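Here the structure comes first, spelled out in structure tokens, and everything after it is commentary.
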Amino acid sequence: MVKTRFAPSPTGMLHIGGARTALFNYLFAKANGGEYLLRIEDTDQERSTEENKEIIREGLDWLGLGPTDGKWVLQTDSLERHKQAVQKLLDEGKAYECFTSKEELEAMREAQKEKGETIRYDGRHRNLTEEQKQAFRDEGRVAVIRLKVEEEGTTSWDDAVQGTIKVPNYTLDDFIIMRADGYPTYNFVVALDDHDMGITHVIRGDDHINNTPKQMFVYQAMGYELPIFAHVPMIHGKNGKMSKRDGATNVLEYKEAGFLPEALNNYLMRLGWSLGDEEVISMERATEHFDINNVNKSASVFDQVKLEWFNAQYIRELNAEQLLTHLEYFFTKEGLTLNDTIRGYLLNGGINAVKNKAKKLPDLVKALEFFFKAPPFNFEEKEVSILETDGYKNNLQLFVNKAQNIEGTVNHDTVSEIVSELCEETGLKFKDFGMPLRVALTGTTQAPGVGDIVEIFGKDESIKRIQSAL
RNA sequence: GUCCCCAUCGUCUAGUCGGCCUAGGACGCCACCCUUUCACGGUGGAAACAGGGGUUCGAAUCCCCUUGGGGAUGCCA
């Protein structure tokens with residue numbers, strides 16, 4: 001069975017690029033009827049934090065990208081297992097103690113750089129005698145453990161998205177598998193854990209291409225079967241690196257900015273993957289049709305404007321009730337308090353009247369704000385000048401006169417009829433009634449169509465509002 | 001420096017492994033239309049195969065070089 005995993009490191013927030021890696025792992029697993037697991041790579045004791053773990057969890061949960069088995073595995077939970085593996089390789093002579101100090105390593109790299117050579121550990125402690133080791137220990141040095149890496153030949157693999165990748169072994173070196181502090185390192189531990197968890201497909205960012213040969217040596221030294229590697233391209237910003245200018249790098253900032261998770265997912269999956277000419281692709285459809293063969297090899301640039309377009313598409317797809325659920329948080333954030341009357345306005349037409357002009361949730365809040373207010377309004381200059389326009393108040397009165405004579409309820413159509421009649425009778429234009437009505441009803445010039453507003457407020461409330469402007 | 005990877009409109013991409021491509025779609029942009037404000041919407045438009053060599057009857061598609069970008073080069077992941 002296909003098994004993928006997302007393995008974030010809690011040394012920072014959940015990055016937008018990481019989210020897409022998680023998404024691809026999820027989609028691939030789902031599309032192949034497999035499992036998608038999660039493992040927190042917390043072997044960097046100095047930089048990993050509890051807060052970051054929480055932030056990553058929150059971000060993934062928001063996107064609906066939690067592991068299919070519901071387990072959040074911590075890499076350090078397998079510390080003993082990892083240490084035993086190190087010992088095994090040591091015993092088998094496949095790994096060795098290295099006492100080279102950081103200063104010595106730095107000097108070595110400096111020299112290699114000057115000579116134009118590949119920068120790599122030169123294997124100076126590969127064949128130390130017991131006496132030499134003891135001498136270093138007596139000096140107070142603590143050894144790291146390095147894996148012996150084949151120096152001849154080339155290492156290559158068939159990458160599921162990049163094709164065949166070959167790298168000459170002379171550019172590789174005996175890398176450290178266990179630090180002096182006793183904690184095994186990333187390149188060693190990923191291989192072990194991926195094997196232990198039964199991962200069949202390692203899908204990750206292409207910044208890991210260079211790590212792959214090293215990990216392959218670990219699989220080989222441990223006698224494990226290799227998984228399939230798939231290195232997906234990075235997400236860049238307009239000027240190279242992804243920065244705040246291009247959009248937030250922290251996934252949770254998108255939640256805060258009023259993006260819908262399904263929109264972010266859709267946008268992210270289109271960065272690198274395509275399903276013909278389709279743009280709006282639901283998670284359901286994506287999990288059905290995701291194909292790693294259609295993943296691009298080249299990096300893509302993050303474009304928040306297009307993300308906003310996707311968000312607008314998904315906002316329209318939600319009904320008023322669903323949107324209201326999302327909106328509540330943003331209302332309170334703006335200090336707008338919902339009550340039964342307002343809730344009624346919003347659910348019975350309010351939200352539907354404005355939802356397809358919004359790109360982000362806060363846009364809706366702004367568009368719906370007038371429902372939270374009632375006359376007397378604090379008019380601004382623009383509104384005042386409209387109400388003071390010659391004849392406009394009279395137009396309002398004419399409207400009220402007709403509306404009052406309507407039997408039963410007033411709706412969008414009756415408003416149109418009334419205004420049409422008035423236009424005919426007075427020779428005025430629709431806007432000579434529409435604009436003052438809008439201002440009188442809502443206190444603002446930017447609002448939905450007058451017919452919609454009157455229908456939502458109802459006849460009595462509408463007339464009351466208009467009269468208070470007279 | 002060395003190694004690895006990448007290269008179609010401004011951006012995301014289609015192009016299925018050479019012919020149906022005078023290169024298609026989407027975002028954005030421009031124009032017009034719709035219109036009671038703001039938007040939505042509709043119609044149309046400008047806009048790309050990085051450059052140079054090959055291979056071939058034929059190349060965006062295959063090969064090589066150049067250039068440009070990215071990544072790695074850690075006792076980070």
Side-chain angles (χ1 to χ4, degrees), chain A residues 7-12 41-44 46-48 75 98 100-102 105-106 109 112-120 142-146 159 162-163 165-168 170-173 175-183 185-187 189-190 204-213 231 233-234 236 238 240-241 267 270-280 293-294 296-303 305-310 312 316 354-359 363 367 382 386 415-416 419 429-439 442 444-451:
Chain A
S9 130
T11 52
E41 312 250 297
D42 59 344
T43 52
D44 185 340
E46 285 177 28
R47 297 193 303 149
S48 297
Q75 191 155 49
C98 169
T100 316
S101 69
K102 290 186 179 176
L105 286 172
E106 206 168 305
R109 288 178 189 127
Q112 290 169 334
K113 205 171 201 172
E114 257 175 56
K115 281 189 257 176
E117 292 172 357
T118 298
I119 293 166
R120 60 193 287 276
V142 182
V144 298
I145 310 298
R146 289 181 184 271
D159 197 277
Q162 304 287 346
I165 296 178
K166 292 180 189 156
V167 19
Y170 71 81
T171 64
L172 273 15
D173 64 0
F175 63 98
I176 293 169
I177 59 175
M178 189 161 83
R179 287 180 271 253
D181 65 5
Y183 278 92
T185 57
Y186 168 77
N187 279 127
V189 168
V190 253
R204 66 209 333 183
D206 70 11
D207 50 335
H208 284 281
I209 287 180
N210 301 274
N211 292 325
T212 305
H231 290 95
M234 309 261 80
H236 290 151
K238 284 231 182 322
K241 302 243 196 317
Y267 177 66
R270 287 289 293 106
L271 246 35
W273 177 64
S274 58
L275 183 55
D277 279 340
E278 292 183 42
E279 292 289 344
V280 178
N293 291 315
N294 289 121
N296 259 173
K297 298 161 103 172
S298 52
S300 43
V301 175
F302 190 87
D303 179 12
V305 176
K306 185 149 186 185
L307 202 211
E308 287 177 6
W309 177 80
F310 272 109
R316 296 164 187 222
V354 301
K355 75 173 186 180
N356 53 11
K357 23 175 142 179
K359 285 190 164 33
D363 297 343
K382 193 167 43 166
I386 284 168
V415 171
S416 294
V419 178
K429 292 268 173 56
F430 203 123
K431 67 166 187 235
D432 294 318
F433 295 93
M435 209 53 202
L437 278 169
R438 176 173 296 107
V439 172
T442 69
T444 162
T445 54
Q446 287 191 18
V450 172

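Keep in mind that what you see is a predicted model, and the values were worked out from it rather than measured. Throughout, protein chains are lettered first and strands after them, A, B, ... in sequence-line order, and every chain is numbered starting at 1. Both backbone and side-chain heavy atoms feed into the values below; hydrogens, waters and symmetry mates do not.
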Applying a 4.0 Å non-hydrogen cut-off, can you work out what A:Val305 is touching in the nucleic acid: base, sugar-phosphate, or nothing?
sugar-phosphate

Is any side-chain nitrogen or oxygen of A:Arg204 closer than 4.0 Å to OP1 or OP2 of B:A77?
no

Is any side-chain nitrogen or oxygen of A:Arg438 closer than 4.0 Å to OP1 or OP2 of B:U35?
no

Have a look at A:His236 and say if it touches a base, only the backbone sugar-phosphate, or nothing, with a 4.0 Å heavy-atom cut-off.
sugar-phosphate

Could you check how far CG of A:Asn187 sits from C1' of B:C75, rounded to whole Å?
12 Å

Please give the distance between the P atoms of B:U73 and B:G15 as a whole number of Å.
34 Å

N/O (side chain, A:Arg47) to phosphate O (OP1/OP2, B:C75) under 4.0 Å:
no

Any donor-acceptor pair under 3.5 Å linking the side-chain atoms of A:Thr442 with those of A:Thr444?
no

P atoms of B:G1 and B:C9, separation to the nearest Å:
27 Å

A:Asn187 CG to A:Thr43 OG1 distance, which is reported to the nearest 0.5 Å:
10.0 Å

Quantified in whole Å, what is the P atom distance between nucleotide B:A46 and nucleotide B:A7?
28 Å

Does A:Pro233 reach a base, just sugar-phosphate, or nothing at all? Heavy atoms under 4.0 Å.
nothing

A:Asp363 atom CG is separated from B:C40 atom P, nearest whole Å, by 11 Å

Could you check which of B:C75, B:A77, B:U36 has an atom nearest any side-chain atom of A:Lys431?
B:U36

Complementary nucleotide for B:G1 - Watson-Crick or wobble, under 3.5 Å
B:U73

Glycosidic torsion of B:C40 (syn if within 90° of 0, anti otherwise) classifies it as syn

Between C1' of B:U35 and CE of A:Met435, the distance in whole Å:
13 Å

Tabulate atom names and distances for all N/O pairs under 3.5 angstrom spanning the protein and nucleotides 2-4 of chain B.
unit_1 : atom_1 : unit_2   : atom_2 : d
B:U2   : O2'    : A:Thr118 : OG1    : 2.8

In the structure shown, which nucleotide is the Watson-Crick or G-U wobble counterpart of B:U56, with both distances under 3.5 Å?
none

Between B:G58 and B:G18, how many Å separate the two C1' atoms, rounded to a whole number?
7 Å

Taking all atoms of both residues into account, what is the closest heavy-atom pair of A:Met234 and A:Gly205, and its distance?
CE-CA, 3.7 Å

Quote, to the nearest angstrom, the P distance that separates B:A23 from B:U61.
16 Å

Hey, does A:Thr43 reach any base, or is it just sugar-phosphate, or nothing, if we go heavy atoms under 4.0 Å?
sugar-phosphate

Rounded to the nearest Å, what distance is computed from the CD1 atom of residue A:Ile386 to the C1' atom of nucleotide B:C38?
12 Å

Nearest-angstrom distance, P atom, B:C49 to B:A60
11 Å

How would you label the contact of A:Arg109 with the nucleic acid (heavy atoms, under 4.0 Å): base, sugar-phosphate, or nothing?
sugar-phosphate

Working to the nearest 0.5 angstrom, can you tell me the gap between A:Phe310 CZ and A:Glu279 CD?
5.0 Å

Using the closest heavy atom to pick a nucleotide of RNA chain B for each, name whichever of A:Gln162 or A:Trp309 lands nearer the 5' end.
A:Gln162

For A:Ala358 and A:Asp363, which heavy atoms make the closest approach, and how far apart are they?
CB-CB, 3.8 Å

Using a cut-off of 4.0 Å between protein heavy atoms and nucleotide atoms, how would you tag nucleotides 12-19 of chain B 5' to 3' with B, S and -?
BSS-B---

Considering all heavy atoms, the nearest A:Arg146-A:Cys98 contact
NE-SG, 3.3 Å

Taking all heavy atoms of A:Ile119 and all of A:Gln112, pick out the closest pair and write down the distance.
CA-OE1, 3.4 Å

Protein-nucleotide distance (A:Glu308, atom CD; B:U11, atom P), rounded to Å
19 Å

Minimum heavy-atom distance A:Pro10-A:Glu41, with the two atoms named:
CD-O, 3.2 Å

Please give, in whole Å, the distance from B:C75 P to A:Arg146 CZ?
7 Å

Counting the atoms with a prime plus P, OP1 and OP2 as sugar-phosphate, which does A:Thr100 contact under 4.0 Å by heavy atoms, base, sugar-phosphate, or nothing?
base

Spatial distance of atom CD (A:Glu106) from atom NZ (A:Lys113) [nearest 0.5 Å]:
10.0 Å

Between A:Ala447 and A:Ala180, just flag the one whose closest nucleotide in RNA chain B comes earlier from the 5' side.
A:Ala447

Atom C1', compared across B:C65 and B:C57: separation rounded to whole Å:
26 Å

Determine the minimum heavy-atom distance between A:Val144 and A:Ala180, stating which atoms define it.
CG1-N, 3.6 Å

Regarding A:Met234, tell me which of base, sugar-phosphate or nothing describes its non-hydrogen contacts under 4.0 Å with the strands shown.
nothing

Rounded to the nearest 0.5 Å, what separates atom CG in A:Asp159 from atom CD1 in A:Ile165?
4.5 Å

Tell me whether the side-chain N or O atoms of A:Asn211 pair up with the base of B:A77 as donor and acceptor below 3.5 Å, since no angle test is needed here.
yes

Expressed as a whole number of angstroms, how long is the span from A:His208:NE2 to B:A72:P?
9 Å

Look at all strands and tell whether A:Ala7 reaches a base, only sugar-phosphate, or nothing, counting heavy atoms closer than 4.0 Å.
nothing

Pick the P atom in B:U36 and in B:G25, then give their distance to the nearest Å.
33 Å

Provide, to the nearest angstrom, the distance between the CD atom belonging to A:Glu278 and the P atom belonging to B:C27.
15 Å

With both distances under 3.5 Å as the test, what is the Watson-Crick or G-U wobble partner of B:U36?
none

One should read off an interatomic distance between A:Tyr183 OH and A:Asp44 CG, to the nearest 0.5 angstrom, of 11.0 Å

Go ahead and name the base partner of B:C29; Watson-Crick or wobble counts if both distances stay under 3.5 Å, otherwise write none.
B:G45

With a non-hydrogen cut-off below 4.0 angstrom, is A:Lys297 in contact with a base, only sugar-phosphate, or nothing?
sugar-phosphate

Any chance you could measure A:Phe302, atom CZ, to A:Tyr267, atom OH, to the nearest 0.5 Å?
5.0 Å

B:G68 -> Watson-Crick or G-U wobble partner, both distances under 3.5 Å, gives B:C6

